[in-house]
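Everything on this sheet refers to the single structure shown next.
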Amino acid sequence: MSVADLLEEYGDSHGTPVVRINDQYVSRPNFADTIIPDEAELFLIPMIAGG
Amino acid sequence: MTDVTLTLKKSLRYERPAIDKGYANQTLHLDLAGLELAVAPVTAQMKDLFIGGKGFDLWLLWNAVAPTTRWDDPENALCIACGPLGGTPAYPGSGKSIAATLSPLTGAPIDSNVGGYFGPYLKFAGFDALAIQGASSEPLVVVVDGIDQKVEVFAAAGLPADAYALSDVLTARFAQGKPRDVSVVSAGPGARHTFFGCLNFSWYDPKRRRARYKQAGRGGVGTVFAHKGLAALVARWDAGISIDTNRPADRERLRKVAKQHAKEIVELDPKQNEMAVIGTTHLVTIMDDHDLLPTHNFRFGSHREAPNLGQAVFRRLFDPGYDGCWMGCTVACSHGVRDFVPVSGPYAGRKVFVDGPEYETIAGCGSNLGIFDPHTVIELNFYCDAYGLDTISVGTALAFAMECFELGLITLEYTGGLALYFGNRAAALEIVHQMGRGEGFGKIVGQGVRRMKALFAAEQGADPKLMGDIGMEAKGLEFSEYMTKESLAQQGGYGLALKGPQHDEAWLIFLDMVHNFMPTFEQKAEALHWFPMFRTWFSLCGLCKLPWNDIIPEDNKQTPEPAKVMKHVAWYAEYFSSVTGRESAPEELIRMSEAVYNFQRVFNLRMGFGRREHDSLPYRAIGPVTELEYESRAGRYDQQLAALCKLDVAGKSTAEKLALLRRFREQQYETLKDAVYQRRGWTPDGVPTLATVKRLGIDFPEVVALLAAHGVRA
């Protein structure tokens with residue numbers, strides 16, 4: 001399952017710009033191409049701020 | 001060990017006031033020319049209108065200088081203040097100092113916020129702010145000793161030149177066996193030789209048993225410090241600080257809200273940005289993924305080698321452990337690299353501890369220079385700090401010089417034989433060492449982008465128009481490290497920032513470009529009102545902004561205004577009310593900032609700036625300058641021309657499309673200015689109206705006369 005698939009299932013396909021899979025950050029442009037490994041922990045990163 | 005001699009030149013005994021609701025209620029004034037020390041009361045008006053921190057700095061600076069004062073005049077004051085909430089150990093991010101002065105880069109007031117212990121120690125020692133005027137021909141060390149209730153000025157001889165060694169020596173000298181009781185402010189040799197010198201503020205790390213550093217980087221505050229002949233400022237206070245040290249108006253209320261926020265960060269940071277582990281380094285690849293990471297002097301927003309500088313690398317390089325730059329901060333993002341061995345300069349081959357790097361340094365001294373080797377970035381970080389140089393201005397200025405070199409605008413002979421191609425790591429390091437020594441082409445780069453443009457035109461016949469487009473400065477200050485081409489709101493965030501293009505006033509890229517929270521001009525204008533105001537408030541109070549919106553509540557998305565993180569804004573209102581006793585709702589925090597913000601705009605006007613023409617941007621901040629840039633994202637730009645400008649791009653050359661896009665985007669930026677000025681209560685020329693200054697209570701006679709002189713009347 002890709003990150004994009006998971007977020008669509010979760011009902012959040014447009015709200016999250018970045019996720020973290022274990023300790024790797026993945027941004028929205030790469031959601032469709034990033035497969036979530038088994039047993040991985042996935043966190044939604046809100047990215048309201050920065051800097 | 002250097003043989004250091006400190007000769008007492010002047011001392012002042014004082015009775016330390018009891019801190020009351022976050023204030024010491026007095027300020028310390030030092031004139032270095034006559035070695036005069038004076039203590040002045042903080043008035044009720046100062047607290048009502050200017051709150052503290054940056055507000056106090058600006059008020060003291062306003063009263064110190066005249067419209068004709070330049071940065072290197074004796075009357076220019078270097079002011080450092082904390083704020084009424086600063087020094088609270090229970091609430092995350094409560095240890096900021098704010099330095100302000102007339103900037104060597106901009107000629108206008110600059111403010112720069114920084115962690116470390118100095119500001120809170122200064123306040124607890126008895127002074128809400130410190131203002132230093134005059135200049136000394138011999139190096140001076142000023143010690144504010146809150147424990148022994150004395151201020152002492154020493155003539156110094158034999159002090160090490162670089163900031164790291166100097167702070168170590170002075171920490172040992174004044175600590176009396178308790179190094180955590182001492183915080184040192186110093187610059188470094190590069191601050192003397194450049195216009196973008198920074199200040200290093202120390203905090204003592206008991207676990208690692210060493211002084212650590214944070215930098216007030218922007219605008220040349222360190223250059224003013226060095227020009228005044230200051231070698232160091234030292235504050236001494238008992239590190240046994242508690243929630244009671246500020247003597248809050250309502251201790252229990254403070255304890256409750258502080259605990260809430262601290263607990264939330266402990267719970268959520270590991271699930272979000274992991275700032276306690278990797279600092280701000282996560283931003284590198286995220287910015288790269290969204291085409292926002294400056295590479296090659298802001299030409300492009302991404303690079304295939306960017307992951308070499310990302311969090312995955314620094315996760316391994318950072319020394320694990322608690323890294324809070326103020327006591328008890330649960331964000332604790334001030335990481336460093338242990339046992340780093342530089343390959344160049346005076347520390348070559350020796351193990352050192354490097355404080356940093358943060359995102360800005362990685363982007364400025366890494367990707368923007370075409371350097372994707374983390375060790376070179378760490379070394380540049382180390383020497384910039386040791387020499388007292390702002391890593392952001394170093395990166396942006398050197399990137400401009402590199403592009404000029406690659407474009408043939410300056411010659412190899414002019415650079416002293418340094419082939420300044422993007423990615424030349426050895427040349428980048430040598431430039432920084434030259435800044436430290438005050439010699440060679442590094443001294444020219446150290447004058448900043450604005451002066452380089454004039455020099456290259458005069459001495460090398462370089463094209464001023466092209467340099468105007470690619471020299472990434474506004475108001476004279478070098479850009480911090482975000483690409484703004486595709487975010488009109490962030491163009492405003494940089495171009496309309498009072499001090500110049502620094503992201504601490506408005507960081508709207510993701511909100512605008514990625515979240516699309518503000519599609520209309522009116523919404524962008526509203527954001528460019530509210531966010532700069534709330535961000536200003538942190539610098540009035542002595543606070544760090546990161547706990548506000550870098551770690552956010554899990555239900556934030558379901559709130560009416562997720563961009564503002566209103567749950568935290570309400571907590572900050574509670575925090576302010578509980579310490580100062582001045583009952584304040586969230587909207588009152590914005591009004592506090594509005595007064596100071598508009599006062600600073602008027603201050604700019606007083607110094608010959610602060611009008612619409614001064615809010616201009618180099619075109620590269622707005623759109624692609626060269627055909628290469630256009631063609632690298634041709635699909636995006638062609639689509640915009642078709643969709644937004646209703647143009648048929650078929651058959652048009654790249655040069656024609658560049659010109660059409662430029663006309664469109666520059667007009668958009670001017671329209672944004674109109675909308676923002678209107679929202680802020682300013683004239684179309686960008687000057688606060690009389691009604692605005694009256695509403696905010698800053699209609700002092702001199703302000704009203706100044707506005708009238710610029711045609712602004714009732």
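Labels below follow one simple rule: chain letters A, B, ... track the order of the sequence lines, proteins then strands, and each chain is numbered from 1.
B:Phe314 and B:Pro374 get closest at one heavy-atom pair: CZ-CB, 4.1 Å.
Both the backbone and the side chain of B:Glu274 come within contact range of chain A, each with at least one heavy atom under 4.5 Å from a heavy atom of that chain. Contact of B:Lys271 with chain A is made through backbone and side chain together, with heavy-atom distances under 4.5 Å. Using a 4.5 Å cut-off between heavy atoms, B:Ile278 contacts chain A through its side chain alone, with no backbone atom that close. Interface remark: A:Gln24 contributes backbone and side-chain atoms alike to the contact with chain B (heavy atom separation under 4.5 Å). When heavy atoms are compared at a cutoff of 4.5 Å, A:Asn30 approaches chain B solely by way of its side chain, counted from C-beta outward. Contacts between B:Pro270 and chain A at a heavy-atom distance below 4.5 Å involve the backbone alone (N, CA, C, O). Contacts of B:Val277 with chain A are absent, with no heavy-atom separation under 4.5 Å from either backbone or side chain. Contact annotation for B:Leu511: only side-chain heavy atoms (C-beta onward) come within less than 4.5 Å of a heavy atom of chain A.
Across A:Asp23, A:Val18, A:Ile45, A:Leu44, the residue that shares the most heavy-atom pairs under 4.5 angstrom with chain B is A:Asp23. In terms of non-hydrogen atom pairs under 4.5 Å with chain A, the most contact-rich of B:Ile552, B:Asn516, B:Ile286, B:Val565 is B:Ile286.
The side-chain hydrogen bond (donor to acceptor under 3.5 Å, both in side chains) test applied to B:Ser334 returns B:Lys214, not counting sequence neighbours. Take B:Lys499 and apply the salt bridge (charged side-chain N to carboxylate O under 4.0 Å, His left out) test, not counting sequence neighbours, and it matches B:Asp111, B:Asp504.
No side-chain donor from either of B:Thr285 and B:Asp288 sits under 3.5 Å from a side-chain acceptor of the other. Looking at B:His303 and B:Thr295, their side chains never bring a donor and an acceptor atom within 3.5 Å of each other. There is no side-chain donor-acceptor pair under 3.5 Å between B:His290 and B:Glu486.
Within a 6.0 Å sphere centred on CD of A:Glu41, other residues, nucleotides and ligands contribute 12 heavy atoms or fewer.
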